[in-house]
Amino acid sequence: MTLTKILKTLFTCILVISFLLVTVSAYQQHRTISALAELTDVTSAIVTRLSVEELVYVDNDEKLHMYSIDPAKLENCPTRWEINGKNFDFRVSVGYETGDEHVLGPYGSAPPDDRTRCSLAVACALYENGRFLPAKLSVIAWRA
Amino acid sequence: MARLDDRGVADILAIAFMFVMLVLAAVFMHTYSLRPLRAATDRQLELKSGHLYMTLELAWVEPYSVSFLRAATENLLIEQPTVPGPYLRSAMENAIEYFCPPGYAVAISLSHDNSSWELSWPEGVGLGVDAEKQFVRQGEARLTMAGGKNIAVPVTVRIFEITGA
């Protein structure tokens with residue numbers, strides 16, 4: 001009978017410890033996932049700002065063509081931005097197909113291997129030689 | 001009842017209940033913690049859908065100086081459009097294939113009165129209206145006809161998950 005009680009107590013202790021471990025593990029996972037979700041949203045914010053502000057093609061009448069990329073602006077685009085009080089680095093490139101696939105860039109430093117990175121590619125128009133070509137704006141972002 | 005207590009059945013039931021609670025709590029906590037990431041990736045697909053719509057509105061069908069959506073609207077409304085129908089479909093399929101996210105399909109539809117112009121990629125996936133996960137961007141393409149009549153054509157660009165992908 002004593003052995004049975006000892007086993008029950010032991011099993012209860014194991015369950016309590018397991019519960020605590022699961023809780024701690026879930027909390028750590030939640031933090032990791034939250035950081036990933038934040039990085040994902042930051043990447044979306046970077047892509048949006050690039051395509052409607054930083055890289056936008058401006059014609060001779062000073063009219064902004066949102067979602068149209070001016071390739072001349074790619075080279076001088078700063079690749080470290082402060083978003084929500086945190087610094088993020090990113091690498092940007094623009095790919096397009098005219099028979100073969102061409103890629104402008106990448107611009108920005110290479111992403112470090114030891115950091116979590118998030119990549120996003122969206123469709124955009126590329127203004128080149130007076131034509132608007134369908135192109136793909138790709139961004140890889142990471143916490144600086 | 002006293003005999004059951006002597007055998008410790010109540011304790012075993014309590015321990016079994018705790019075990020079930022532990023498993024349920026673990027599943028719940030780990031499932032719940034993934035929700036922000038799923039929501040963030042869904043927002044990215046929403047963004048892709050919006051960008052795809054704008055790109056089709058702006059980018060030209062080479063070698064014509066007409067945008068994809070304008071060309072599709074002309075194909076829907078007029079008999080002799082700037083871009084011939086088969087050429088437009090081929091060019092648009094190539095463009096969509098280039099932009100389509102892996103595991104997803106893209107459908108574009110324009111409708112006016114009883115006629116419609118539809119295209120989806122990969123072929124045969126349909127328009128994805130009933131797809132469980134879909135990201136829709138709707139807008140309007142306008143075309144001025146020969147008589148000066150301005151016609152607005154509703155446009156829908158839909159990115160949707162391919163079932164079983």
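Numbers restart at 1 for each chain; the letters A, B, ... are given by sequence-line order, proteins then strands.
Other residues, nucleotides and ligands contribute at most 12 non-hydrogen atoms within 6.0 Å of the CZ atom of Phe28(B). Atom OH of Tyr107(A) sits in a crowded spot, with more than 12 heavy atoms from other residues, nucleotides or ligands closer than 6.0 Å. Within 6.0 Å of CD in Glu53(A) there are more than 12 heavy atoms belonging to other residues, nucleotides or ligands. Within 6.0 Å of CG in Asp114(A) there are more than 12 heavy atoms belonging to other residues, nucleotides or ligands. Summarising the local packing, CZ of Arg35(B) is surrounded by 12 or fewer heavy atoms from other residues, nucleotides or ligands at distances under 6.0 Å. Heavy-atom contacts from other residues, nucleotides or ligands closer than 6.0 Å to NE2 of His65(A) number more than 12. The number of heavy-atom neighbours closer than 6.0 Å to CG of Asn87(A), taken from other residues, nucleotides and ligands shown, is above 12. The environment of Phe19(A) atom CZ is sparse: at most 12 non-hydrogen atoms of other residues, nucleotides or ligands sit within 6.0 angstrom.
By the rule that hydrophobic residues join a cluster once side-chain heavy atoms approach within less than 4.5 Å of another member, Tyr104(B) and Ile108(B) end up as members of one cluster. One hydrophobic cluster, built from ILVMFWY side chains closer than 4.5 Å, cannot hold both Val129(B) and Leu52(B); they sit in different ones. Hydrophobic cluster membership differs between Val136(B) and Leu127(B), with clusters built from Ile, Leu, Val, Met, Phe, Trp and Tyr side chains linked at under 4.5 angstrom. Trp117(B) and Leu143(B) fall within the same hydrophobic cluster, defined by Ile, Leu, Val, Met, Phe, Trp and Tyr side-chain heavy atoms under 4.5 Å apart, directly or through other members. Val42(A) and Leu36(A) fall into different hydrophobic clusters, where Ile, Leu, Val, Met, Phe, Trp and Tyr residues are linked whenever their side-chain heavy atoms come under 4.5 Å apart, directly or through other members.
Between Leu15(A) and Met21(B) the shortest side-chain heavy-atom distance does not fall below 4.5 Å.
Heavy-atom minimum distance, Leu58(B) versus Met66(A): CD1-O, 3.3 Å. Taking every heavy atom of both residues into account, Thr41(B) and Thr40(A) meet most closely at N-CG2, 4.2 Å. Of all the heavy atoms in Ala121(A) and Lys48(B), the pair that sits closest is O-NZ, 3.2 Å.
Arg43(B) contributes atom CZ, which lies 4.0 Å from atom CG of Asp41(A) (distance to the nearest 0.5 angstrom). One distance of note links CZ of Arg131(A) with OH of Tyr64(B); it measures 15.0 Å at 0.5 Å rounding. With values rounded to the nearest 0.5 angstrom, Ile17(A) atom CD1 is found 12.0 Å from Leu22(B) atom CG. To the nearest 0.5 Å, the span separating CD on Glu38(A) from CG on Leu37(B) amounts to 12.5 Å. If you take NE2 on His51(B) and SG on Cys124(A), they are separated by 8.0 Å, rounding to the nearest 0.5 Å. Taken to the nearest 0.5 Å, the CH2 atom of Trp60(B) stands 7.0 Å off from the OH atom of Tyr127(A).
Identified by a heavy-atom distance below 4.5 Å to chain B, the contributing residues of residues 135-144 of chain A are Ala135(A), Lys136(A), in residue-number order.
Heavy atoms of Gln44(B) lying under 4.5 Å from chain A belong to its backbone as well as its side chain. With a 4.5 angstrom heavy-atom cutoff, Glu101(A) touches chain B only via side-chain atoms. Within the 4.5 angstrom heavy-atom criterion, no atom of Tyr32(B) approaches chain A. If you measure heavy-atom distances from Tyr96(A) to chain B, the contacts under 4.5 Å come from the backbone alone. For a residue to count as touching a neighbouring chain, one of its non-hydrogen atoms must lie under 4.5 Å from one of that chain's; by this rule Phe11(A) touches chain B with the side chain only.
Considering only heavy-atom pairs separated by less than 4.5 Å from chain B, the leading option among Leu39(A), Thr12(A), Thr23(A), Ile33(A) is Ile33(A).
Side-chain atoms of Thr55(B) do not come within 3.5 Å of backbone N or O of Pro134(A) as any donor-acceptor pair. The closest donor-acceptor contact from the side chain of Tyr67(A) to the backbone of Gly50(B) lies at 3.5 Å or more, if one exists at all.
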Verdict with reasoning, Leu120(A) to Leu47(B), per side chain to side chain contact (heavy atoms under 4.5 Å, CB included): CA-CA 10 Å; Leu120(A) 176 62; Leu47(B) 187 72; 3.8 Å; yes
